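These notes concern the structure reproduced below.
Per chain, numbering begins at 1; letters A, B, ... match sequence-line order. Values below: every heavy atom of this structure, side chains too, minus hydrogens, waters and symmetry copies. Just so you know, these numbers come straight off a predicted model, no measurement behind them.
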Amino acid sequence: MRLSRFPLATTKETPADAEIISHRLMLRAGLIRKLGAGLYTWMPLGLRVLRKVEQIVRDEMNRAGALELLMPSVQPAELWQESGRWDVMGAEMLRIKDRHKNDFCYGPTHEEVITHHVRQDIRSYKQLPINYYQIQTKFRDERRPRFGVMRAREFLMKDAYSFHMDAEGLAAEYQNMRAAYTRIFSRIGADFRAVKADSGNIGGAASEEFHILAGAGEDLLAVSTEGDYAANVEAAETHPSGRPLPAPTAALETVSTPGQKTCEQVSRFLNVPLTGKVKLLVVKAADGGLIGIALRGDHELNEIKAAKHPRIASPFEMAKIEDVQAAFGCEVGYLGPVNCPIPVIADFAAAEIADFVCGANQNDAHLRGANWGRDCALPETADLRMIVEGDPSPDGRGTIKLLRGIEGGHIFQLGQKYTQAMGLSVLDEKGEAITPQMGCYGIGVSRMAAAVIEQSHDANGIIWPDAIAPFRVIVTPIGTDKSPAAKEAAEQLYQQLIDAGVEALLDDRGLRPGPMFADADLIGIPHRIVIGDKGLANQQFEYKHRRADKAEMIPATLDAVLAKLA
RNA sequence: CGGGGCGUAGCUCAGCUUGGUAGAGCGCUUGCUUCGGGAGCAAGAGGUCGCAGGUUCGAAUCCUGUCGCCCCGACCA
């Protein structure tokens, strides 16, 4: 492609509402243009990147035996009513009506549609297993779209759905997809990590997320310093230490703590570490009443874990402040497990400390020297908190460190949730009807491009890995106004590269070197060949990799250039 | 959904408090000079001031409504 015929649309100025580096660079490099909140046009240069990602995904899905199809983006409400999700999905789902006033949605995902098709077509165990996928535009009306295509409302996703006769078949395909995802992320050139994730579904089936590691990531990952353990903090479990509860050494006393409502305030006021405090959160219980959750002062509640606890309401909901005050007769800043009017469940860590500080269940007062067993009953214990850096790794090897990641893919075993709800059944060898097991596997294709930029850029712009670069190499002739030789050599090399099947860009705009180099760096072309009189005098081109500090001289031949690209 | 902010040239923004014929930089066009890391000079093109209504002799500016966009928060105990 000749830059004289290619709309580059690069800018020096940073667009006002771009917060993270990938969003800024994608706008500055002219990869995308915003149309509305969470809506982006992929410009020609950006689309080339998107298509590269897409093609890698397609290649590997095909290699893994999945079958590509394309489902409509607009879906009839009936299917969603059948699965029960029409009422469950919130405002995130864009609902629309056609001219007959019939309800539709713009698909946020396609479990219902694929299950519907499969129940029409698949009758026999001989037709299973099967794995269908598509690369399709989705729409999710995010409460807060941001970060450009990283969290857009309309985005491109690869979603795959597999169907199996039994759980073993599903587990095997899950591993197959896991391997395919590993190849996809590796080929794209991303530094990634597969982590255990919250499946959000009954049955405890496996679920993993593939994260591209980057500081701008919206997810926190807990990984072991020594072992292989890696999990999204939402899903990272914690265990009791196994150490016996220390015996009480202090007497229980009530201390006046006027106005000290938060753990931090109390900790400072009484000069005790946060780890020596127990806080009590009040949430809705499964039986409709209230239940207290005791956590160590420095720990945070994991709402997903809480919602899974049989005695806690699901979905998770904090108690109303008024209800708490009615039950305790004091403000929420002074709650504690001692003389507590409601049942209490303690997090493992909170149940392991002695002589702790906690609210006195009366205004402006806390207790010091409180102890489980002596001052209040030993509560039921459970894993209810967020894992934190420095915790022992759940697999017993090393400690936990936290990383930030961008969720690029998610694979999980759905089980029979949709096949059952939508009445999909097939006949097995014995002629008996069974409800197939289902798996589902997603990749955020458009997000992937942004995530790679987060990982791979410098002060001058994007640095594309070869695999998804919009062009492999840019040929930049210098001083073409004075040197017809440089111009000719550039034209010739460009033509040779094209003939050799290399995706090459020729900067034939006749600009001064500064702007040409700046554009080439900004749009992140991995390889650059500069052709000028100086080099040509010695039959040399100048080669520079986007990542290299300095350029080097190479023979002015196609072969020498190809050798550098290899 | 709650709170805050912003809509003026393709982009980034000033002008609004105190109403009086629309501004800058970047980008764009033309010419001359320049030419190895975003050049200089000169001359130009380009805006229904988000939209609707109101106040006024007169509104980008004041008032009301509306739409769009951005940021923060959505939980603490």
key: Nearest to side-chain heavy atoms of A:Glu13, which nucleotide of B:rC11, B:rC76, B:rC69   = B:rC11

query = Can you tell me how far P of B:rC1 sits from CD of A:Glu142, to the nearest Å?
reply = 16 Å

key: Inter-nucleotide P distance (B:rA59, B:rC41), Å rounded   = 39 Å

request  = State whether A:Asp219 and A:Arg404 are salt-bridged, where the test is any N-O pair (Lys NZ or Arg NE/NH1/NH2 against Asp/Glu carboxylate O) under 4.0 Å.
outcome  = no

Test side-chain hydrogen bond (donor to acceptor under 3.5 Å, both in side chains) applied to A:Arg296 - qualifying residues, sequence neighbours left out = A:Asp298, A:His299

remark   = The Watson-Crick or G-U wobble partner of B:rC6, with both key distances under 3.5 Å, is B:rG68

task = Please collect all side chain to side chain donor-acceptor pair (under 3.5 Å) contacts where either partner lies in residues 271-290 of chain A, sequence neighbours excluded, each pair once.
result = A:Lys284-A:Glu317

task = Write down the partner of B:rC62 under the Watson-Crick or G-U wobble criteria, each distance required to be under 3.5 Å.
result = B:rG54

remark   = Hits for side-chain hydrogen bond (donor to acceptor under 3.5 Å, both in side chains) against A:Arg143, two or more places apart or cross-chain, chain-then-number order -> none

request  = Check the distance between B:rA74's C1' and A:Lys320's NZ and give it to me in whole angstrom.
outcome  = 15 Å

query = In whole Å, what separates the C1' atom of B:rA14 from that of B:rA60?
reply = 12 Å

task = Once you apply the 3.5 Å cut-off to both distances, tell me the Watson-Crick or G-U wobble partner of B:rG73, or none.
result = B:rC1

inquiry  = With a 3.5 Å limit on both atom pairs, tell me what B:rA42 is paired to, counting Watson-Crick and G-U wobble, or say none.
reply    = B:rU30

request  = Name all residues meeting the side-chain contact (heavy atoms from CB on, under 4.5 Å) criterion together with A:Glu13; count only those two or more places apart in sequence or in a different chain, and write none if there are none.
outcome  = none

query = Taking a pair as Watson-Crick or G-U wobble with both distances under 3.5 Å, which nucleotide is matched to B:rA22?
reply = none

Under-3.5 Å N/O pairs linking protein and nucleotides 46-51 of chain B:
none

Pull out every protein N or O sitting under 3.5 Å from an N or O of nucleotides 34-38 of chain B, one pair per line with the distance.
residue: B:rC35; atom: N3; partner: A:Asp481; partner atom: OD2; Å: 3.0
residue: B:rC35; atom: N4; partner: A:Asp481; partner atom: OD2; Å: 2.5
residue: B:rG36; atom: N1; partner: A:Glu542; partner atom: OE1; Å: 2.9
residue: B:rG36; atom: N2; partner: A:Glu542; partner atom: OE1; Å: 2.4
residue: B:rG36; atom: N2; partner: A:Glu542; partner atom: OE2; Å: 2.7
residue: B:rG37; atom: O6; partner: A:Arg528; partner atom: NH1; Å: 2.8
residue: B:rG37; atom: O6; partner: A:Arg528; partner atom: NH2; Å: 3.1
residue: B:rG37; atom: N1; partner: A:Asp521; partner atom: OD2; Å: 3.0
residue: B:rG37; atom: N2; partner: A:Asp521; partner atom: OD2; Å: 2.5
residue: B:rG38; atom: O2'; partner: A:Lys12; partner atom: NZ; Å: 2.9
residue: B:rG38; atom: N1; partner: A:Asp519; partner atom: OD1; Å: 3.3
residue: B:rG38; atom: N2; partner: A:Asp519; partner atom: OD1; Å: 3.4

remark   = Separation of B:rA74 atom C1' from A:Ile321 atom CD1, nearest Å, is 13 Å

query = Taking NZ, NE, NH1 and NH2 as the nitrogens, is one of them in A:Glu491 or A:Arg2 under 4.0 Å from a carboxylate oxygen of the other?
reply = yes

request  = Could you check how far CZ of A:Arg146 sits from C1' of B:rC69, rounded to whole Å?
outcome  = 15 Å

query = Which pairs count as salt bridge (charged side-chain N to carboxylate O under 4.0 Å, His left out) when at least one residue sits in residues 447-460 of chain A, sequence neighbours excluded?
reply = A:Asp458-A:Arg546

Using residues 318-336 of chain A as the side-chain source, report each donor-acceptor pair under 3.5 Å to any protein atom, sequence neighbours left out, with the distance given to one decimal.
residue: A:Glu331; atom: OE1; partner: A:Lys261; partner atom: NZ; Å: 2.5
residue: A:Tyr334; atom: OH; partner: A:Gly259; partner atom: N; Å: 3.2
residue: A:Tyr334; atom: OH; partner: A:Asp364; partner atom: OD1; Å: 3.0

request  = Please measure how far the P atom in B:rA22 lies from the corresponding atom in B:rG40, and state the result in whole Å.
outcome  = 30 Å

key: Watson-Crick or G-U counterpart of B:rC49, or none if no pair lies under 3.5 Å   = none

message = Measuring only the P atom in each nucleotide, how far is B:rU8 from B:rC62? A whole number of Å is fine.
response = 16 Å

ask   = Within this structure, what is the CG-to-C1' distance between A:Leu27 and B:rC26, rounded to whole angstrom?
value = 17 Å

Length of the line joining A:Asp141:CG and B:rC1:P, which is rounded to integer Å = 11 Å

Inter-nucleotide P distance (B:rU30, B:rU66), Å rounded = 48 Å

message = Taking the P atom in each of B:rC69 and B:rU17, what is the distance between them to the nearest angstrom?
response = 29 Å

query = Rounded to whole angstroms, how far apart are CD on A:Gln325 and C1' on B:rC76?
reply = 13 Å

side-chain hydrogen bond (donor to acceptor under 3.5 Å, both in side chains) partners for A:Glu352, two or more places apart = A:Ser241

Length of the line joining A:Arg33:CZ and B:rC69:C1', which is rounded to integer Å = 16 Å

inquiry  = Under a 3.5 Å cut-off for both contacts, is B:rA14 paired Watson-Crick or G-U wobble with anything, and if yes, with which nucleotide?
reply    = none

ask   = What class does the angle between the rings of A:Tyr40 and A:His23 fall in, given that below 30° is parallel, 30 to 60° is tilted and above 60° is perpendicular?
value = perpendicular

ask   = In residues 343-377 of chain A, which residues come under 4.0 Å of RNA chain B by heavy atom?
value = none

Separation of the P atoms in B:rC70 and B:rG54, to the nearest angstrom = 32 Å

remark   = Across all chains, not counting sequence neighbours, the ring pair (Phe, Tyr, Trp, His ring centres under 6.0 Å) partners of A:Phe6 are A:Phe471

key: Comparing A:Leu335 and A:Leu39 on RNA chain B - which has the more 5′ nearest nucleotide   = A:Leu39

remark   = The answer to which of A:Phe147 and A:Leu280 contacts RNA chain B further toward the 5' end, by nearest nucleotide, is A:Phe147

ask   = Are A:Glu142 and A:Arg151 close enough for a salt bridge, meaning some N to O gap below 4.0 Å?
value = yes

note = With the side chain defined as heavy atoms from C-beta on, A:Ala37 is closest, among B:rC75, B:rC69, B:rC71, to B:rC69

message = Test of understanding: with side-chain hydrogen bond (donor to acceptor under 3.5 Å, both in side chains), list the residues that count as partners of A:Arg24, not counting sequence neighbours.
response = none

inquiry  = For the P atoms, the ones on B:rA45 and on B:rG25, what distance do you get once it is rounded to whole angstrom?
reply    = 15 Å

Charged N-O contact under 4.0 Å between A:Asp347 and A:Lys305 = no

